[in-house]
Amino acid sequence: MTDSKPSIYISTLYFAEGLPYAIVKMMSSVFFKNLGASNDFIALATNLLTIPWTVKPLWSALVDIYSTKRRWILWCQIVLSITTAILALTPFTHFTISLSVCVFALIAVISATHDIAIDGFYLETLNKSSQALFVGVRNTAYKLAWLFGSGALVFFAGKIGEQFGVANGWAAAFAACAVIFALTFVFHSWYLPQPESKSDFQKELKLTWPVLVQVFS
């Protein structure tokens with residue numbers, strides 16, 4: 001599309017950016033508590049699961065070098081849909097906690113990559129004045145995703161759990177996340193502006209990256 005409005009796609013992008021963090025950091029702690037995990041385990045697990053967001057600069061150059069930010073966003077969103085759908089199945093297994101930790105970790109890595117692509121897309125598609133103008137929009141959308149994940153979805157899981165059991169409650173909540181990511185993928189594949197051709201910086205970085213790898217290996 002050529003007439004995409006930044007007020008719309010910035011809002012949806014940053015909501016999609018904030019939701020995985022809410023799933024991994026906030027929903028997971030309540031999920032583990034409902035499964036009977038100890039407070040020490042929950043604190044350790046949730047802290048370890050946030051490491052990908054801390055170290056994401058380690059692979060941010062790869063997102064710059066290969067493909068476009070738009071494609072990275074779309075691929076990450078469809079993978080997030082698949083992984084949260086898998087997460088919805090973990091409450092019905094005999095090793096729910098260990099399996100769900102692995103899935104949460106995968107979601108964290110994909111989400112951190114998703115963040116890199118979205119933040120880069122934000123800088124590429126908006127000029128300096130527009131970037132400043134939409135700071136409030138992106139922050140609000142991100143915080144709303146946190147509230148939605150830690151509030152509405154946890155409440156939803158609890159209400160379903162009261163009637164049909166804890167496993168079904170969390171399966172429904174995580175399945176809802178999978179649907180949301182699928183819908184954002186469909187919407188963004190249609191609505192996001194098409195990327196420009198690779199910049200000179202990207203081309204230069206692609207040429208120098210193998211040299212850097214060889215030097216530091």
Side-chain angles (χ1 to χ4, degrees), residues 13-63 72-73 75-120 122 135 138-158 160-161 166-167 169-178 180-181 184 216:
L13 280 174
Y14 279 90
F15 184 89
E17 180 176 320
L19 184 56
Y21 187 86
I23 292 170
V24 173
K25 180 65 176 178
M26 302 167 188
M27 291 179 69
S28 67
S29 61
V30 185
F31 174 65
F32 291 140
K33 191 67 176 177
N34 287 169
L35 295 177
S38 68
N39 290 333
D40 289 341
F41 171 83
I42 293 171
L44 177 62
T46 53
N47 286 331
L48 290 176
L49 287 170
T50 57
I51 289 176
W53 283 283
T54 304
V55 301
K56 65 184 179 182
L58 294 177
W59 65 89
S60 61
L62 296 176
V63 178
W72 276 102
I73 290 168
W75 274 110
C76 286
Q77 287 175 358
I78 199 63
V79 174
L80 285 169
S81 180
I82 293 169
T83 50
T84 48
I86 294 171
L87 188 61
L89 300 176
T90 59
F92 304 109
T93 67
H94 295 296
F95 37 92
T96 300
I97 291 181
S98 57
L99 179 58
S100 62
V101 166
C102 294
V103 180
F104 279 126
L106 180 58
I107 291 171
V109 173
I110 299 302
S111 175
T113 308
H114 188 226
D115 292 1
I116 295 167
I118 288 176
D119 292 341
Y122 180 85
V135 166
R138 58 183 279 188
N139 291 342
T140 300
Y142 195 85
K143 294 295 184 182
L144 285 175
W146 283 18
L147 292 173
F148 180 72
S150 61
L153 286 175
V154 170
F155 177 79
F156 176 65
I160 298 296
V166 172
W170 282 106
F174 292 137
C177 294
I180 290 169
F181 289 126
T184 57
F216 290 101

Do [X] and [Y] have side-chain heavy atoms sitting under 4.5 Å apart?
X      : Y      : value
Ile23  : Phe31  : no
Trp170 : Val154 : yes
Thr46  : Ser28  : yes
Tyr21  : Asp115 : no
Phe181 : Leu19  : yes
Val63  : Lys56  : no

Shortest non-hydrogen separation from [X] to [Y] and the atoms involved:
X      : Y      : result
Ala171 : Pro91  : N-CG, 4.3 Å
Ala88  : Ala175 : CB-N, 3.8 Å
Ala22  : Gly149 : CB-CA, 4.0 Å
Ala173 : Ala157 : CB-CB, 3.8 Å
Thr50  : Asn47  : OG1-O, 2.8 Å
Ala16  : His114 : O-CE1, 3.5 Å

### Message
Tell me every residue that passes side chain to side chain donor-acceptor pair (under 3.5 Å) with Asn39, counting only those two or more places apart in sequence or in another chain.
### Response
Lys33
### Task
Mind running side chain to side chain contact (heavy atoms under 4.5 Å, CB included) on Phe15 and Thr140 for me, showing each step along the way?
CA-CA 9 Å; Phe15 184 89; Thr140 300; over 6 Å; no
### Task
Check ring-ring contact (aromatic ring centres under 6.0 Å, His included) between Trp75 and all other residues, then give those that pass, not counting sequence neighbours.
none
### Query
Phe32: what forms a ring-ring contact (aromatic ring centres under 6.0 Å, His included) with it, not counting sequence neighbours?
Phe41, Phe104
### Message
If we check side-chain contact (heavy atoms from CB on, under 4.5 Å) with Cys177, which of these qualifies: Ile107, Thr84, Leu87?
### Response
Thr84
### Query
Are a donor atom and an acceptor atom from the side chains of Thr113 and Trp59 found within less than 3.5 Å of each other?
yes
Separation between [atom1] of [X] and [atom2] of [Y], rounded to the nearest 0.5 Å:
X      : Y      : atom1 : atom2 : answer
Thr184 : Ile78  : OG1   : CD1   : 8.5 Å
Lys25  : Trp146 : NZ    : CH2   : 9.5 Å
Met26  : Leu153 : CE    : CG    : 12.0 Å
Leu99  : Thr90  : CG    : OG1   : 6.0 Å
Leu80  : Glu17  : CG    : CD    : 11.0 Å
Leu35  : Ile42  : CG    : CD1   : 9.0 Å

### Query
Please walk me through it: do Tyr122 and Val135 pass side chain to side chain contact (heavy atoms under 4.5 Å, CB included)?
CA-CA 10 Å; Tyr122 180 85; Val135 166; 4.0 Å; yes
### Query
Does Ser111 use its side chain to pair, donor to acceptor, with the backbone of Ala108 at less than 3.5 Å?
no
